[in-house]
Amino acid sequence: NGFNIHVGNRFNQYFGAELGYFHTRDETRNVTAGDSIGSGTVAATDFTTEVRMQGVTLDALGYLPVTDDGQIELIGTAGLSWTKAKASINIPGVGNFDSD
């Protein structure tokens, strides 16, 4: 879960630009993972995961009119994105593993 917000402008009939920002809610999950040991017994391990992301986008937009009146057009985009993501897994007795 999260949100995206974009603002932009169409400069003329053929070109535009858009700036965006996105952010996900910090998601924390408690997980129980099991594994079979020998004669059908299961060893369970409880651990916690946390994931979050945010970033900024910058896009150039190109418009190509298909009809003479401009009611139908093809739209193409190309752009850049900067994304920061963090994932964390905490396993009791083993440790906490973080990655940015």
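FYI, side chains are in, hydrogens and waters are out, and symmetry mates aren't considered; it's all heavy atoms of this structure. Nothing here was measured: the structure is a model prediction, and the numbers come from that model.
Between Thr57 and Phe22, the closest side-chain pair of non-hydrogen atoms falls below 4.5 Å. Side-chain contact check for Gln13 versus Tyr63: every heavy-atom pair is 4.5 Å or farther apart. Looking at His6 and Leu19, their side chains never come closer than 4.5 Å, going by heavy atoms from C-beta outward. You'll find the side chain of Tyr21 reaches within 4.5 Å of the side chain of Gln54, heavy atoms only.
More than 12 non-hydrogen atoms from other residues, nucleotides or ligands lie less than 6.0 angstrom from CG of Asn9. Within a 6.0 Å sphere centred on OH of Tyr14, other residues, nucleotides and ligands contribute 12 heavy atoms or fewer. A 6.0 Å sphere centred on CD1 of Ile5 holds no more than 12 heavy atoms belonging to other residues, nucleotides or ligands.
The heavy-atom pair separating Gly79 from Asp59 by the smallest distance is CA-OD1, 3.3 Å.
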Subject >> Stepwise side chain to side chain contact (heavy atoms under 4.5 Å, CB included) test for Glu18 and Leu61 >> reply: CA-CA 8 Å; Glu18 184 176 87; Leu61 291 86; 3.8 Å; yes
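In this structure, Val56 is not a member of the same hydrophobic cluster as Leu80, with clusters built from ILVMFWY side-chain heavy atoms closer than 4.5 Å.
Looking only at distances, a side-chain donor or acceptor of Thr24 sits under 3.5 Å from a matching main-chain atom of Met53.
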